[in-house]
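Heads up, the thing below is written out as structure tokens.
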Amino acid sequence: MSAVIMDGKALAAKVYEGLKIQVETLAGKGVTPGLGVILVGNDPASEVYVRNKVRACERLGIASKVVRLSGDVCESEVIKNIEALNGDEGICSMLVQLPLPRSMDEDRVLSHIAFDKDADGITVQNAGALLNGIKGALPCTPRGIIELLKEYSVPMSGAHAVVVGRSNIVGKPVSMLLQRENCTVTMCHSKTRNLNDVIRSADILVAAIGKPGFITGDMIKPNAAVIDVGINRLESGKLMGDVDFYSASQVAGFITPVPGGVGPMTIAMLMKNTVEAASQ
């Protein structure tokens with residue numbers, strides 16, 4: 001048995017085709033979507049992520065503005081730049097590239113993003129909207145995961161979904177979105193008892209823990225859909241997900257690769273959030 005590879009890059013290309021038409025329609029009304037990004041420090045991975053976001057903007061005709069700040073900048077200066085983007089009429093959507101330097105209070109910094117310009121759905125207002133099932137900006141990675149599952153017609157209603165990882169960026173919001181699709185959701189973390197047994201019960205498994213190759217094929221239910229959110233760079237320079245792809249792909253029914261799975265969809269959903277913000 002070999003799993004169906006869930007091609008995030010191909011699906012992202014389809015999303016871009018639709019978004020390009022929407023951007024052209026907005027241009028006809030004199031509206032140009034604009035994405036603002038604040039990048040603090042010179043973390044190589046963050047540099048790559050921001051560069052990919054800017055390229056996606058260029059591909060679609062979305063304006064982009066990257067504010068680069070040194071790694072030793074004070075927290076108040078970062079907040080000052082967030083508030084400047086909040087007031088910038090050319091920017092309809094914005095984000096602060098994470099991680100921030102350890103000296104900063106991440107929650108306090110992010111709390112200054114205007115909820116109606118929140119590109120990644122991480123403000124308290126948008127998190128509350130998600131919890132209550134009302135309209136708001138959705139976190140990009142969780143939104144991309146749901147789009148992938150729908151694209152490959154993975155049954156969600158009534159399925160048991162197991163989410164490994166409880167971060168505010170992926171684990172918690174994807175659990176809420178899976179519940180919207182009528183999944184029964186179990187969220188696992190470092191204190192979960194009998195973790196392997198819980199994982200093995202999953203019809204849909206979302207791995208988002210940041211441990212390369214942690215989940216192996218013997219931990220996966222036959223025919224399960226496996227969504228690997230992890231992006232871990234090994235000493236060799238190779239990227240690896242939280243799932244051991246080879247062994248898992250021999251058991252699963254569907255699986256996302258790393259790279260080329262969730263990553264491209266995260267950026268595609270960022271573009272979608274930006275265009276939707278401009279439309280409103």
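Bear in mind that the values here come from a model prediction, so they are computed numbers and not experimental data. Below, each value reflects all heavy atoms present in this structure, side chains not excepted, and no hydrogens, waters or symmetry copies. Count residues from 1 along the sequence.
- Asn42 CG: 12 or fewer foreign heavy atoms inside a 6.0 Å radius.
- One N or O on the side chain of Asn232 and one on the backbone of Met240 form a donor-acceptor pair closer than 3.5 Å.
- Looking at heavy atoms from C-beta onward, Ile38 lies out of side-chain contact with Leu95 at the 4.5 angstrom threshold.
- Scored by the side chain to side chain donor-acceptor pair (under 3.5 Å) test, Gln97 finds Lys53 as partners (sequence neighbours excluded).
- For Ser247, the side chain to side chain donor-acceptor pair (under 3.5 Å) test picks out Asp244, with sequence neighbours left out.
- Glu24 has no carboxylate O lying under 4.0 Å from a charged side-chain N of Lys29, or vice versa, which leaves the two without a salt bridge.
- In this structure a side-chain-to-backbone donor-acceptor pair under 3.5 Å is present from Asn81 to Glu77.
- Between the side chain of Asp228 and the backbone N or O of Gly230, at least one donor-acceptor pair lies under 3.5 Å.
- In this structure the side chain of Asp218 never reaches within 4.5 angstrom of the side chain of Ile220, judged on heavy atoms.
- Contact check on Lys65 versus Asp88 returns a salt bridge, with a Lys/Arg side-chain nitrogen under 4.0 Å from an Asp/Glu carboxylate oxygen.
- Applying the side chain to side chain donor-acceptor pair (under 3.5 Å) rule to Thr25 yields no partners; only residues at least two apart in sequence or on another chain are considered.
- For the residue pair Met104 and Glu75, the shortest heavy atom distance occurs at CA-OE1, 3.4 Å.
- Both Ile5 and Val226 sit in one connected hydrophobic cluster of ILVMFWY residues. Membership requires side-chain heavy atoms under 4.5 Å apart, directly or through other members.
- You'll find the side chain of Ile204 reaches within 4.5 Å of the side chain of Cys183, heavy atoms only.
- Judged by distance alone, the side chain of Asp242 and the main-chain N or O of Phe214 form no donor-acceptor pair under 3.5 Å.
- Within the 3.5 Å criterion, the main-chain N or O of Lys9 finds a donor-acceptor partner in the side chain of Asp7.
- Under a 3.5 Å cut-off, the side chain of Arg51 and the backbone N or O of Ser46 do not form any donor-acceptor pair.
- The backbone N or O of Leu195 lies less than 3.5 Å from no partner atom in the side chain of Thr192, so there is not a single donor-acceptor pair.
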Scan the side chains in residues 156-166 for donor-acceptor partners under 3.5 Å anywhere in the protein, sequence neighbours excluded, and list what turns up.
| residue | atom | partner | partner atom | Å |
| --- | --- | --- | --- | --- |
| His160 | ND1 | Ser201 | O | 3.2 |
| His160 | ND1 | Ser201 | OG | 3.3 |
| His160 | NE2 | Thr186 | OG1 | 2.8 |

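- Looking at heavy atoms from C-beta onward, Arg68 lies in side-chain contact with Glu47 at the 4.5 angstrom threshold.
- Crowding of Tyr152 atom OH: a count of heavy atoms from other residues, nucleotides or ligands under 6.0 Å exceeding 12.
- Between Pro33 and Leu26, some side-chain heavy-atom pair lies under the 4.5 Å cut-off.
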Could you go through residues 268-280 and list every donor-acceptor pair under 3.5 Å that involves a side-chain atom there, pairing it with any protein atom two or more places apart or in another chain?
| residue | atom | partner | partner atom | Å |
| --- | --- | --- | --- | --- |
| Asn273 | OD1 | Arg143 | NH1 | 2.6 |
| Asn273 | ND2 | Ala119 | O | 2.9 |
| Asn273 | ND2 | Leu138 | O | 2.9 |
| Thr274 | OG1 | Leu270 | O | 2.9 |
| Glu276 | OE1 | Arg143 | NH1 | 3.2 |
| Glu276 | OE2 | Arg143 | NH2 | 2.9 |
| Ser279 | OG | Val275 | O | 2.9 |

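- Residues satisfying the side chain to side chain donor-acceptor pair (under 3.5 Å) test with Asn196, not counting sequence neighbours, are none.
- Here the straight-line distance linking atom CG of Leu130 with atom CE of Met176 works out to 5.5 Å at 0.5 Å rounding.
- Put simply, the side chain of Ile145 does not reach to within 4.5 Å of the side chain of Met265, judged on heavy atoms.
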